[in-house]
**Student:** 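Have a look at this one before I ask anything.
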Amino acid sequence: MPLSEFALIDRYFRNCGVKRADVRLGVGDDAALLDSPAGCDLVAAIDTLVDGVHFPHGCPAASVGHRVLAVNLSDLAAMGARPAWALLALTLPNTDEAWLSEFAAGFSDLARAHDVALVGGDTTSGPLCATVQVLGHVPRAQALLRSGAQPGDLLFVSGTPGDAAAGLAVEQGRLTASEDAVSYLRKRFLYPSPRMALGKCLRGFASACIDVSDGLLGDAGKLAHASGCGVELGYRDLSLSEALVETVGDARARELALTGGDDYELCFTVHPDNVGKLRHELPPERWGYSLIGKIRATPGAIVTDGGNVMDFSHSGYDHFGT
Ligand code: ADP
Ligand code: MG
C-alpha cells in the first residue's frame with residue numbers, strides 16, 4: 001500500500017537535519033515557529049530543481065536531496081550568512097520509498113554538516129520537482145552584496161570552476177574520462193560543497209560577492225553590473241582541476257571554467273588595500289581561492305589573454321553539443 005502523505009512526512013522529514021534550540025515548533029503544525037537572534041538580519045533564499053531541467057532524469061536521489069539544499073546554502077554563503085532553517089516543497093510522481101529514503105538522507109547529511117534544521121514544507125503529487133527555502137542570519141548590515149565592488153578591486157574565485165559542467169556531461173554520457181576523473185567530476189556535479197566557511201570569513205574583506213551557479217563569466221558580469229562597473233578575467237589565471245584538463249584539454253577546460261554552470265563556488269572582489277590582510281588571514285592555499293581578474297570602470301565582462309580580448313559571446317550552454 002502506498003504511504004499516506006502524513007506517514008511519508010513523518011517517516012522522512014520530521015527528523016531531517018539537526019535539532020536546533022531556536023526552533024520553537026517544527027514539522028507537524030500549520031507553520032513553524034522560529035526564534036531569530038537579536039542584532040541580525042534574517043537572510044532568505046529559495047531555489048527549485050526540476051527533473052530533467054536542473055538535473056538529468058534518473059539522477060541519484062541522494063544527489064537531488066543534497067543539491068536542492070546545497071544551491072540554497074550557496075546563496076547564503078555568498079551573502080556571508082549563517083544558515084539555520086530550511087523548508088522543503090516536494091512534488092513526487094509516486095511514493096517510491098527507496099528513492100525517498102535516499103533523497104532524505106542526501107538532504108539530511110548536508111543539513112547536519114551545516115547545522116540546518118528542516119522545519120516545514122509541503123508534499124504534493126506530480127512531476128518530480130523539489131524547492132527549498134533556506135533561512136539564516138548575518139550580523140546586521142554586514143551581509144556581502146553584489147553591489148559593493150569598485151574599479152580596481154581584485155576579483156577572486158574559490159575552487160576549480162568548470163568541473164561541475166564536465167561532471168554533468170559525464171553523468172549524461174556525453175563525455176568520457178578516466179576512472180578517477182569520472183569519479184571526481186561526477187561528484188563535483190552531484191554533490192557540490194557550498195562554501196559556507198569562506199563566505200562567513202569574507203565579511204570584512206570582500207567588497208562584493210556572488211555565488212557561481214550559471215558560469216563564472218556571466219556571474220562575475222552580474223556582480224560587476226550590480227556594482228555599476230565592468231570586469232576583466234584573465235584567461236590564463238583561471239585555476240583548473242587536473243581531472244578537468246586531463247579530460248577535455250586546456251582550451252576546453254578554460255571555456256568550461258568560464259561558461260559552465262553548477263559550480264557553486266564563490267566569486268568575490270577585494271579592495272587592493274585589503275588583499276595583503278586577506279592573504280594573511282585566509283591563506284589561499286588553505287582556503288582554495290585564486291586571483292582571476294579585476295573590476296574596471298567600463299561596463300561589460302571581458303576575458304583577456306596577454307592583452308588581447310577574447311570572444312566568449314557564444315552560448316556556453318551545450319559544451320559537448322551533438
Ligand atoms: P497543511 O495542509 O496545513 O499545509 P501539511 O499536511 O501540508 O499541512 O503539512 C503538515 C506538516 O508537515 C506541516 O508542518 C508542514 O510544514 C510539514 N511538511 C509537509 N511536507 C513536508 C516536507 N516535504 N518536508 C518537511 N516538512 C513538511
Ligand atoms: Mg494546515
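One-based numbering along the sequence shown.
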**Student:** Are Leu73 and Leu266 linked, directly or through intermediate hydrophobic residues, by side-chain heavy-atom contacts shorter than 4.5 Å (ILVMFWY only)?
**Tutor:** no
**Student:** Shortest non-hydrogen contact from Pro161 to Ala257?
**Tutor:** O-CB, 3.3 Å
**Student:** Between Asp214 and Lys222, is there a salt bridge with N-O shorter than 4.0 Å?
**Tutor:** yes
**Student:** Answer yes or no: is there a side-chain heavy-atom contact under 4.5 Å between Val132 and Leu49?
**Tutor:** no
**Student:** Just checking, is any N or O donor in the side chain of Thr48 or His54 under 3.5 Å from an acceptor N or O on the other one?
**Tutor:** no
**Student:** Ignoring hydrogens and angles, state whether a donor on the side chain of Ser183 or Asp180 is under 3.5 Å from an acceptor on the partner side chain.
**Tutor:** no
**Student:** I want to check something: taking the side chain as every heavy atom from C-beta on, are Leu144 and Leu202 in contact at a cut-off of under 4.5 Å?
**Tutor:** yes
**Student:** Less than 4.5 Å apart, side chain to side chain, heavy atoms only: is that true for Val303 and Val309?
**Tutor:** no
**Student:** For the SG atom of Cys40 and the NE2 atom of His137, what is their distance to the nearest 0.5 Å?
**Tutor:** 6.5 Å
**Student:** Once you round to the nearest 0.5 Å, how far does OG of Ser178 lie from OH of Tyr184?
**Tutor:** 12.5 Å
**Student:** Identify whether Val212 and Phe189 are in the same connected component of the hydrophobic contact network (ILVMFWY, side-chain heavy atoms under 4.5 Å).
**Tutor:** no
**Student:** Does a donor on one side chain sit under 3.5 Å from an acceptor on the other, for Ser147 and Ser227?
**Tutor:** no
**Student:** Can you give me the closest heavy-atom contact between Leu190 and Cys59, atom names plus distance?
**Tutor:** CD2-SG, 3.6 Å
**Student:** CZ of Arg24 to CG of Asp35: how many Å apart, nearest 0.5 Å?
**Tutor:** 4.0 Å
**Student:** Please round to the nearest 0.5 Å and tell me the distance separating atom CG of Asp163 and atom CG of Leu256.
**Tutor:** 9.0 Å
**Student:** Can you find a heavy atom in the side chain of Tyr191 that is under 4.5 Å from one in the side chain of Pro60?
**Tutor:** yes
**Student:** Check this for me: does any side-chain nitrogen of one of Arg112 and Asp109 sit under 4.0 Å from a carboxylate oxygen of the other?
**Tutor:** no
**Student:** Will you find, in the side chains of Asn94 and Trp99, an N or O donor that is under 3.5 Å from an N or O acceptor?
**Tutor:** no
**Student:** Indicate whether the side chain of Thr160 and that of Ser239 have a donor and an acceptor atom separated by less than 3.5 Å.
**Tutor:** no
**Student:** Using a 3.5 Å cut-off and no angle test, enumerate the donor-acceptor pairs between side-chain atoms of residues 286-296 and protein atoms at least two apart in sequence or in another chain.
**Tutor:**
| residue | atom | partner | partner atom | Å |
| --- | --- | --- | --- | --- |
| Tyr289 | OH | Leu282 | O | 2.6 |

**Student:** Regarding Tyr264 and Asp211, is there a side-chain donor-to-acceptor distance under 3.5 Å anywhere?
**Tutor:** no
**Student:** Side-chain contact test, heavy atoms from C-beta onward, threshold under 4.5 Å: evaluate it for Leu244 versus Arg188 and give yes or no.
**Tutor:** no
**Student:** Is the count of non-hydrogen atoms from other residues, nucleotides or ligands lying under 6.0 Å from Glu242 atom CD greater than 12?
**Tutor:** no
**Student:** Would you sort out whether Glu285 and Arg279 count as a salt bridge (charged side-chain N to carboxylate O under 4.0 Å, His left out), showing the intermediate values?
**Tutor:** CA-CA 9 Å; Glu285 322 76 63; Arg279 289 205 162 107; over 6 Å; no
**Student:** Indicate whether the side chain of Thr123 and that of Glu5 have a donor and an acceptor atom separated by less than 3.5 Å.
**Tutor:** no
**Student:** Please check if Phe268 and Leu223 belong to a single hydrophobic cluster, counting links between Ile, Leu, Val, Met, Phe, Trp and Tyr side chain heavy atoms closer than 4.5 Å.
**Tutor:** no
**Student:** Between Leu240 and Arg254, is there a side-chain heavy-atom distance shorter than 4.5 Å?
**Tutor:** yes
**Student:** Tell me the salt bridge (Lys or Arg N to Asp or Glu O under 4.0 Å) pairs involving residues 49-75, sequence neighbours left out?
**Tutor:** Arg67-Asp262
**Student:** Enter the distance from Leu92:CG to Cys129:SG here, rounded to the nearest 0.5 Å.
**Tutor:** 10.0 Å
**Student:** Any side-chain heavy-atom pair from Val170 and Thr247 closer than 4.5 angstrom?
**Tutor:** no
**Student:** Cluster question for you: counting only ILVMFWY and a side-chain heavy-atom cut-off of under 4.5 Å, with indirect links fine, are Phe13 and Val18 together?
**Tutor:** no
**Student:** Look at the side-chain heavy atoms of Ile, Leu, Val, Met, Phe, Trp and Tyr, link any pair under 4.5 Å apart, and say whether Leu135 and Leu88 land in one connected group.
**Tutor:** no
**Student:** Measuring only between side-chain heavy atoms, which start at C-beta, is Val116 closer than 4.5 Å to Pro83?
**Tutor:** yes
**Student:** With rounding to the nearest 0.5 angstrom, report the CE to CG distance, Met310 to Leu258.
**Tutor:** 8.0 Å
**Student:** Show the numbers, then the answer: is there a side chain to side chain donor-acceptor pair (under 3.5 Å) between Ser207 and Thr269?
**Tutor:** CA-CA 6 Å; Ser207 50; Thr269 56; 2.7 Å; yes
